[in-house]
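The next block holds one structure in the form of structure tokens; read it before the comments.
Values reported hereafter were calculated over all heavy atoms of this structure, with side chains retained and with hydrogens, waters and symmetry mates removed. Each chain gets a letter, A, B and so on, in the order the sequences are listed, and its residues count up from 1. Remember, predicted model here, so these are calculated numbers, not experimental data.
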Amino acid sequence: MPLSETKADEGLEKNFNFSEAEPRLYQMWEQGGYFAPEPKKTGPKFSIVIPPPNVTGNLHMGHALDVTLQDILTRYHRLKGDDTVWIPGCDHAGIATQAVVERALAAEGLEREKLGREKFVERVWQWKETYGSNIVRQLRRLGASCDWSRERFTLDEGLSKAVREVFVSLYEEGLIYRGERIINWCPHCRTAVSDIEVEHEDRADYLYYLKYPLQNKGEYLTVATARPETIFGDTALAINPNDTRHQVYLGQMAQVPLTSRLVPIIADDYVSMEFGTGCLKVTPAHDPNDFLIGRHHNLPIILAIDQNGLMTNQCGSLAGVEVSKARELTLKLLEDNDFFIKSEPLNHAVGLCYRCRTAVEPLVSKQWFVSSAPLALEASKAVREGRVKLHPASWEKTYFEWLDNIRDWCVSRQLWWGHQIPAWYCQRCAQTVVSREDPTICTSCGGELQRDPDVLDTWFSSALWPFSTLGWPNKTADLERYYPTSVLVTGFDILFFWVARMIMMGLKMTAQEPFLDVVLHPLVRDETGQKMSKSKGNAINPLEVLDRHGADAFRFTLASQAGPTRDLRLNAKRVEGYSKFVNKLWNASRFAFRHLGLEPLLAKSPPSSFPDRWIFSRLSQVIEEINTEIAQYHFDRYCDIIYQFTWYEFCDWYLELIKPILYQESQNEQEATKACLALVLCDLLTIIHPVMPFVTSEIYARLFPSAAPLMLRSFPQSSKYQRDQRALTEAAFLMDLTKAVRQARSDFGVPPAAKLSPIVSLSDPLLAELMIKQAPLLLNLMGAASLRVAEKGESKPKEAAVNILDWGQVWTPLTGHIDAEAERARLTKEALKLEKDIDSAQKKLSNQDYLTKAPEEIVEETREKLVALDKRLQAVKRSQELIGDLT
RNA sequence: GGGCGGUUAACUCAGCGGUUAGAGUGCCAUCCUCACACGGUGGAAGCCGGAGGUUCAAAUCCUCUACCGCCCACCA
């Protein structure tokens with residue numbers, strides 16, 4: 001019965017209008033409180049904390065991927081009926097945020113020093129209130145189903161309390177200490193940074209050979225250095241103890257060029273005899289190695305460069321000069337005074353600040369450190385013992401490598417934006433007070449106290465995120481229920497910065513692993529594999545992608561490429577491709593809607609018709625596969641499964657198979673199939689929902705306007721659908737048969753309008769019966785007028801194409817269309833392929849080793865295959881002989 | 001210097017010990033058939049980087065090698 005135009009208009013529009021639907025649906029979800037957990041629920045729990053984006057941030061591809069994967073997990077577990085919570089929030093991002101606000105101040109002609117600490121911090125908070133919600137709004141556009149009522153910020157009162165508690169208790173245990181060490185100083189950010197915040201880059205530089213005159217002799221030692229400007233900090237020269245060339249000088253004194261200072265010549269294993277002249281200048285204040293040598297030999301430390309990146313008053317006429325200019329000037333002085341011998345090119349690594357890429361200056365300074373080795377040992381053990389699992393596990397080696405060689409973590413930063421270190425120094429007795437409560441006077445002498453001005457590394461508070469967000473150190477209900485969290489999803493680039501430190505801190509402070517699984521996803525790159533960056537101009541803006549293709553297509557694209565690899569090369573074309581998948585699903589639903597109408601009944605009893613039995617069987621298998629893949633965080637395979645199933649089975653076959661029923665069968669059969677279609681569609685939408693929440697929700701809401709939203713449905717269990725092996729076999733047969741006729745039509749260029757009348761020669765009476773029963777449907781799929789089983793002894797009509805299949809032959813009479821040459825070519829090609837396969841099977845079966853060593857079922861399979869192939873080849877050969885009759 | 005990835009169809013990737021190696025995009029032919037031309041149908045396209053080895057069987061495991069990329073590292 002043809003549908004009237006008006007009826008069609010009452011259904012779904014031709015395309016999904018995502019830009020209208022997305023904000024509407026999201027608002028409905030959020031206002032409905034559907035993202036909130038249900039703590040009273042019994043059964044499994046699922047909790048996850050977001051890797052907090054910087055408040056200064058704007059959504060980039062890394063966030064988009066991160067959020068998509070977490071949302072897939074969150075929505076999946078929610079549908080599964082788990083008590084699910086996903087906690088969102090932002091990081092205060094000390095250096096980055098301070099820099100942004102300082103730039104804004106500069107535009108007003110202000111400086112933070114002039115403003116003063118209190119006023120400045122106030123300004124940063126203002127900035128945060130105004131712009132800090134950008135990123136959070138953008139996460140919503142992706143469909144992130146976070147519980148916004150639990151949103152946290154690393155500088156919140158509660159989280160600050162956690163930071164303070166951790167700092168004080170680690171201090172009390174001796175795991176946090178203050179000391180004078182060599183650290184990495186960023187002259188641009190004007191703060192210390194930790195070792196992992198320094199990136200190394202090879203640079204073309206020079207090695208300079210300089211004269212160091214020996215005391216009271218006309219002789220000199222030649223020293224090779226890459227940093228001549230640091231000579232003002234030299235406090236020794238060192239040689240290898242086994243170096244016979246220089247041994248005589250041991251214990252003597254040498255003069256530091258351009259100064260009157262005399263320094264000892266010492267022996268140390270560290271010095272290489274091969275490099276340079278084998279004679280090393282030791283500058284403990286400005287080189288990590290020299291610092292260690294200095295310690296072993298009790299050398300004094302002389303600062304040549306200060307914290308503003310200026311040369312100190314130890315540097316004679318260079319005092320006050322910027323480091324970047326000091327080298328050239330020093331070299332000039334050395335040449336003028338005959339200390340310079342020569343220079344040669346040198347390639348070596350230069351340390352750069354990871355935030356601003358300025359060359360960092362190693363210098364000795366008083367800072368706070370976390371003694372990391374004891375914490376690292378436990379963190380390493382947790383993964384070794386499988387209490388925390390990394391996915392993919394190949395990252396474990398890298399993780400162990402870092403933890404096993406960990407150095408103390410410099411956590412103080414010379415900034416104002418962040419958690420101020422809870423340490424006070426007595427102005428009278430030099431006592432240090434570290435305390436949970438702000439002290440008023442010195443605990444030992446009652447003297448006046450001054451607070452340490454520094455703040456903590458941003459990563460210090462990030463390390464506490466999984467438990468600080470849940471209320472720790474208070475014993476909150478959330479902490480009790482949702483900690484440890486289920487899984488952490490993040491990019492592998494912050495494995496050390498964040499993941500390892502969370503495990504260290506979590507184990508130390510809560511005596512539990514902060515999460516059980518860690519999913520390390522790839523980094524999003526452009527189509528050529530380059531890192532995306534604004535400066536390179538190759539960055540794709542996720543917001544533009546969202547505008548153009550919608551969240552569902554974008555999410556699907558990201559997830560479909562989120563395998564256990566390192567690179568995710570994002571190709572804009574691919575998003576476009578998957579937006580067609582969204583359209584396909586929409587239109588399949590549109591078709592269903594026309595037949596089902598509003599609020600259709602869902603099938604309650606097992607189906608009787610073949611298409612329904614078949615799709616039930618497949619759906620059961622698909623659900624099981626999805627569960628397996630998601631349990632292993634194989635997002636790419638999950639996407640692949642639903643794509644293939646939806647498009648090539650549900651749409652291409654199931655919807656086509658039921659058309660004859662919907663149009664032609666009796667009322668009863670129609671109703672039964674409609675109920676099955678409704679049920680299958682609902683569950684299809686449900687299993688796709690985690691990755692494409694918007695379009696699935698919208699379809700569902702249109703179909704069931706008075707029902708609860710799709711995201712509150714239950715994820716179907718695979719046992720919900722009966723598996724019917726016969727239906728699967730029959731489907732394979734019908735598909736084969738249909739494809740054979742279609743192929744014949746295509747090969748001979750028979751126009752679609754011309755109806756065919758294929759004849760099928762087969763021996764299995766069950767299949768023959770099925771074929772006759774399904775004839776109406778098959779005619780439709782093949783574009784045929786009639787279809788029949790060949791009589792006993794009947795042979796192929798003269799002008800007919802033949803397809804030889806395992807279960808028989810399909811003859812498609814093509815009077816007027818048949819072309820002997822084309823048919824001969826077809827058969828020759830077919831025969832060649834069969835012969836090749838037969839040959840390979842025969843070879844296997846004539847191999848004694850194969851017969852005895854391969855598993856029996858494999859051998860048996862090969863035997864069966866050979867028989868079937870042989871049968872087909874004979875049939876092809878007979879057909880080849882018959883071709884003569886055609887002409 | 002150490003470690004870790006990658007190398008499979010024109011492009012982006014999946015497969016990681018057992019049928020004839022798959023997908024998306026692109027390409028060719030054809031069809032606007034009553035969900036969808038953001039579609040249907042059919043098709044072309046790969047000595048699975050190279051060389052050895054293990055195995056009855058290798059894209060898949062091992063060794064070596066080439067190229068690309070990443071991370072770590074205190075020879076100035």
Side-chain angles (χ1 to χ4, degrees), chain A residues 1-3 8 11-12 14-15 196 200 207 223-227 230 238 270-276 279-283 287-293 346 348-349 362 394-395 397-398 401-402 405 492-493 495-496 523 525 527 529-531 557 560-561 563 565-571 573-574 576-595 636-637 639-640 643-644 651-652 655-656 659 663 739 742-747 749 751-753 780 783 833-834 836-837 840-841 844 847-855 857-859 861-862 864-865 869:
Chain A
M1 186 179 72
L3 293 154
L12 307 185
K14 204 165 173 184
N15 305 107
I196 55 173
H200 296 273
L207 188 63
V223 171
T225 179
R227 300 208 57 192
T230 64
Y270 167 76
V271 183
S272 158
M273 290 189 276
E274 284 76 42
F275 193 90
C279 187
L280 174 75
K281 76 184 199 62
V282 183
T283 320
D287 184 281
N289 305 309
D290 294 7
F291 180 78
L292 291 177
I293 297 174
L346 173 75
H348 68 155
S394 54
W395 284 107
K397 197 168 176 182
T398 311
E401 180 68 21
W402 188 69
N405 297 296
F492 64 80
D493 53 329
L495 179 61
F496 304 148
L523 259 35
R525 300 174 185 280
E527 52 265 81
Q530 300 268 325
K531 211 168 174 174
T557 308
S560 73
Q561 294 190 85
T565 51
R566 294 189 170 191
D567 294 351
L568 190 165
R569 297 194 187 189
L570 188 71
N571 189 322
K573 271 270 172 77
R574 203 153 161 153
E576 199 181 315
Y578 286 128
S579 72
K580 293 180 182 173
F581 179 53
V582 174
N583 185 254
K584 186 76 179 177
L585 180 65
W586 178 264
N587 275 289
S589 306
R590 185 167 173 247
F591 165 80
F593 195 103
R594 283 194 192 178
H595 291 278
D636 53 339
R637 295 197 204 167
C639 289
D640 195 51
Y643 187 97
Q644 302 293 328
C651 292
D652 284 359
L655 294 185
E656 296 305 324
K659 275 178 186 175
Y663 289 118
K739 280 180 190 163
R742 283 172 175 172
Q743 196 190 0
R745 177 194 292 279
S746 172
D747 285 353
N780 199 38
K833 212 175 132 197
L834 287 168
K836 202 182 121 202
D837 295 344
S840 115
K844 278 187 187 173
N847 181 340
Q848 201 51 44
D849 284 332
Y850 177 71
L851 296 175
T852 53
K853 290 181 183 167
E857 62 270 24
I858 298 281
V859 176
E861 236 171 66
T862 310
E864 283 166 13
K865 193 181 102 182
L869 286 171

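- Nearest to the side-chain atoms of A/Lys853 among the listed nucleotides B/C56, B/C36, B/A73 stands B/C56.
- In this model, the phosphate group of B/U20 is not approached by any side-chain N or O of A/Lys833 to a distance below 4.0 Å at OP1 or OP2.
- In this structure, A/Ser746 contributes its side chain and A/Arg742 its backbone to no donor-acceptor pair below 3.5 Å.
- When the side-chain hydrogen bond (donor to acceptor under 3.5 Å, both in side chains) test is applied to A/Glu861, no partner is found at least two apart in sequence or on another chain.
- Among the heavy atoms of the strands lying under 4.0 Å from A/Val271 is at least one base atom, whether or not backbone atoms are also near.
- For the pair A/Lys14 NZ and B/C34 P, the computed distance is 10 Å after rounding to whole Å.
- No contact: A/Glu864 has no heavy atom under 4.0 Å from any strand.
- Across all strands shown, A/Lys281 has no heavy atoms under 4.0 Å from either base or sugar-phosphate atoms.
- For the P atoms, the distance linking B/U8 with B/A14 amounts to 10 Å, nearest Å.
- Across all strands shown, A/Thr398 has no heavy atoms under 4.0 Å from either base or sugar-phosphate atoms.
- Within the 4.0 angstrom heavy-atom criterion, no nucleotide atom of any strand lies near A/Asn405.
- Using a 4.0 Å heavy-atom criterion, one finds that A/Thr852 contacts no nucleic acid atom at all.
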- Task: Quick one: the dot-bracket string of RNA chain B, using Watson-Crick and G-U wobble pairs with both distances under 3.5 Å, [ ] for crossing pairs and | for bases paired to another strand.
- Result: (((((((..((((....[...)))).(((((.......))))).....(((((..]....))))))))))))....

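- Rounded to a whole angstrom, the distance from the C1' atom of B/U30 to that of B/G6 is 40 Å.
- The separation of B/U25 from B/U63, taken at their C1' atoms, amounts to 38 Å, rounded to a whole angstrom.
- Here B/G5 presents its P atom at 14 Å from CG of A/Leu495, a figure rounded to the nearest Å.
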Output a table of nitrogen or oxygen pairs between the protein and nucleotides 24-33 of chain B separated by less than 3.5 Å.
{"residue": "B/G24", "atom": "OP1", "partner": "A/Tyr648", "partner atom": "OH", "Å": "2.1"}

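- For A/Glu401 against B/A73, no side-chain N or O and base N or O form a donor-acceptor pair under 3.5 Å.
- Between A/Phe496 and A/Trp402, the ring planes lie parallel to each other; the angle is under 30°, not in the 30° to 60° tilted range.
- Distance from the side chain of A/Asp652 is smallest to B/U41 among B/U20, B/U41, B/A35.
- With respect to A/Glu656 and A/Lys659, a salt bridge is recorded, a charged nitrogen being found less than 4.0 Å from a carboxylate O.
- Contact annotation for A/Arg637: backbone-only contact, meaning every heavy-atom pair under 4.0 Å involves sugar-phosphate atoms and none involves a base.
- Atom-to-atom, CG of A/Asn289 to C1' of B/A76 comes out at 8 Å; the value is rounded to the nearest Å.
- A/Pro855 comes within 4.0 angstrom of a base, heavy atoms only.
- Between A/Arg569 and B/C13 there is a side-chain polar atom (N or O) within less than 4.0 angstrom of OP1 or OP2.
- Between A/Arg637 and A/Ser560 there is no side-chain heavy-atom pair separated by less than 4.5 Å.
- Using a 4.0 Å heavy-atom distance criterion, A/Ser560 is classed as making no nucleic acid contact.
- The base of B/C4 is paired with the side chain of A/Arg566 by a donor and an acceptor separated by under 3.5 Å.
- Annotation: B/C62 and B/U54 have their C1' atoms spaced 7 Å apart (nearest Å).
- Across all strands, A/Lys836 comes closer than 4.0 Å to no nucleic acid atom at all (heavy-atom distances).
- Closest to the side chain of A/Phe496, out of B/C71, B/C36, B/G5, is B/C71.
- Using a 4.5 Å heavy-atom cutoff, the side chains of A/Tyr578 and A/Lys573 are not in contact.
- The same atom, C1', is picked in B/C64 and in B/G24; the two are 36 Å apart, to the nearest Å.
- One finds a side-chain N or O of A/Lys584 lying less than 4.0 angstrom from the OP1 or OP2 phosphate oxygen of B/G40.
- Using a 4.0 Å heavy-atom distance criterion, A/Gln561 is classed as a sugar-phosphate-only contact.
- Between A/Lys844 and B/G18 there is no side-chain N or O to OP1 or OP2 distance below 4.0 Å.
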